[in-house]
Amino acid sequence: MLLYAGGYLTFYTPDQKPEVERVLPGPVALRDLLTEIGIPAAEVQLVILNGEIVDLNGTQVQNLDVVKIFPGVDGG
Amino acid sequence: MNKIDLTVLELERYTRHVSLPHMGSEGQQRLKGASVLIVGLGGLGSVSALYLTLAGVGRVGLIEKDRVSLHNLHRQILYTSDDLGEDKLSLAAHSLKQHNPEVDLKTYPQRLTQDNALDIIKDFDLVIDGTDNLETRHVINRTCATLGKAFIYAAVNLFDGQISVFQASQGPCLACVFPQISQAEQEKSPEHLAVLNTLPAVVGALQAAEAIKMITGLGKPLIGKLLIYNALNATFERVEIQKNPICQVCGK
């Protein structure tokens, strides 16, 4: 599973690298995965799972999924 | 949108536009007859204001209250090192007028708030979001939804940019995608506002392009779609966004 942490969420990933790869034992709740990586779920405003916008709550991810998460970006 | 006849000099100025397939002098006349409000003249607003002025949009509204700071200058192309401490609005209007004296500029030396938004936005066909905060974006969104107008949203952060066209009568609104402002969103360190300096240039130019398309009818605007640009991987991803039936702004 590949997670892309967009915008300032990159600051929370290991070595501040936007892409985090994980081999998962099976489907896991995205919210739990974010907690394990150290990304505050409260700061995630947009989740794109395999090209579609989904709700963070209730979303599960598994191997081969590509997940992109973004904060409610406020830069201009 | 209204059309206004072009002068001989304008036909010469915009000849590379007029020669475009499906643009012609009629498209350019629509640009001259149009009015666009640009909220915020930072990284995004500087670029979209410049390109819409150069494109010959007849009336351009500018809202900005800040003064030029040193940390603005790596990306905000309407200001120079000589402008530190000066007010952005006057500088931007002067620069834009030099770029295209044909354009009628209307300036608003204030912040856009829920109290003044209706009065200001009602006089324009389209709104460009060049703000640097979600709160003002939601003010624009609510007001445009009330007035039935479109606004062209964009945001940039680190290496990522987003753009969409929100028109509640034809698709989702901003609140359908970003329904609330978290406390974390409102309290950010300067580090969190880091941005690659070319990012607002790319995304601001895309905003201007969407505005030109909306005014002239060219192409398909980004209504119901969110375009995400990633500078690190040099990718554009376009995702569908849906109307939220229980959206507090545009839901029924």
Side-chain angles (χ1 to χ4, degrees), chain A residues 1-22 29-76, chain B residues 39-48 75-76 129-138 154-162 172 174 176-186 188-189 191-195 199-200 203-204 207 226 228-230 232-233 235 237-242 244:
Chain A
M1 194 256 357
L2 180 69
L3 175 81
Y4 178 85
Y8 74 81
L9 298 179
T10 298
F11 289 136
Y12 298 115
T13 61
D15 296 328
Q16 297 192 347
K17 291 183 177 170
E19 293 182 350
V20 180
E21 284 195 81
R22 284 282 191 278
L30 178 57
R31 183 177 282 275
D32 293 342
L33 183 66
L34 296 181
T35 302
E36 187 250 309
I37 294 171
I39 299 172
E43 297 189 27
V44 175
Q45 292 262 313
L46 181 68
V47 181
I48 300 171
L49 173 62
N50 301 327
E52 290 190 8
I53 294 178
V54 297
D55 194 332
L56 174 61
N57 295 315
T59 290
Q60 293 205 316
V61 293
Q62 53 192 334
N63 290 329
L64 302 182
D65 281 344
V66 177
V67 187
K68 299 179 181 181
I69 56 171
F70 297 91
V73 288
D74 63 358
Chain B
V39 184
L41 293 168
L44 291 167
S46 291
V47 173
S48 55
R75 68 193 184 287
Q76 299 186 12
D129 164 18
T131 66
D132 59 3
N133 67 88
L134 264 175
E135 185 180 349
T136 308
R137 289 189 169 112
H138 280 282
V156 290
N157 189 217
L158 272 69
F159 303 101
D160 296 294
Q162 300 174 357
L174 178 72
C176 295
V177 186
F178 298 109
Q180 56 188 337
I181 306 169
S182 68
Q183 190 64 25
E185 265 303 313
Q186 296 173 54
K188 290 254 187 53
S189 67
E191 172 182 78
H192 285 64
L193 299 175
V195 65
L199 195 62
V203 179
Q207 284 183 289
L226 182 69
I228 299 172
Y229 169 57
N230 176 258
L232 283 180
N233 295 328
T235 57
E237 180 174 14
R238 206 171 68 165
V239 295
E240 302 287 324
I241 48 179
Q242 306 293 333
N244 177 358

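In what follows, chains carry the letters A, B, and so on, assigned in the order in which the sequence lines appear, proteins first and then strands, with residues in each chain numbered from 1. Side-chain atoms are counted along with the backbone in the values below, which use heavy atoms only and exclude waters and symmetry mates.
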Report the residues that fulfil salt bridge (Lys or Arg N to Asp or Glu O under 4.0 Å) with B/E237, sequence neighbours left out, ordered by chain and then residue number.
->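 Counting only residues at least two positions away or on another chain, B/E237 forms a salt bridge (Lys or Arg N to Asp or Glu O under 4.0 Å) with A/K68.
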Using non-hydrogen atoms and a limit below 4.5 Å, what part of [range] faces chain B?
range	value
residues 32-41 of chain A	none
residues 50-60 of chain A	A/G51, A/I53
residues 13-21 of chain A	A/P18, A/E19

Just by distance, with hydrogens left out, do A/Y4 and B/N230 show a side-chain donor and acceptor under 3.5 Å apart?
->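 Looking only at side-chain atoms, B/N230 and A/Y4 do form a donor-acceptor pair, the distance falling under 3.5 Å.
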Go through the atoms of B/V203 and report whether side chain, backbone, both or neither lie under 4.5 Å from a heavy atom of chain A.
-> neither
So what's closer than 4.5 Å to chain A heavy atoms on B/L226: side chain, backbone, both or neither?
->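 When you check distances to chain A, only side chain atoms of B/L226 fall under 4.5 Å.
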What are the two closest heavy atoms between A/P71 and B/N157, and how far apart are they?
-> CG-OD1, 4.0 Å
Can you name the nearest heavy-atom pair linking A/L46 to B/F178, along with the distance?
-> CB-CE2, 4.0 Å
How long is the gap from OG1 on A/T10 to CG on B/L232, to the nearest 0.5 Å?
->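 Going from the OG1 atom of A/T10 to the CG atom of B/L232 covers 8.0 Å.
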Is there side-chain contact between B/I228 and A/F70, with heavy atoms separated by less than 4.5 Å?
-> yes
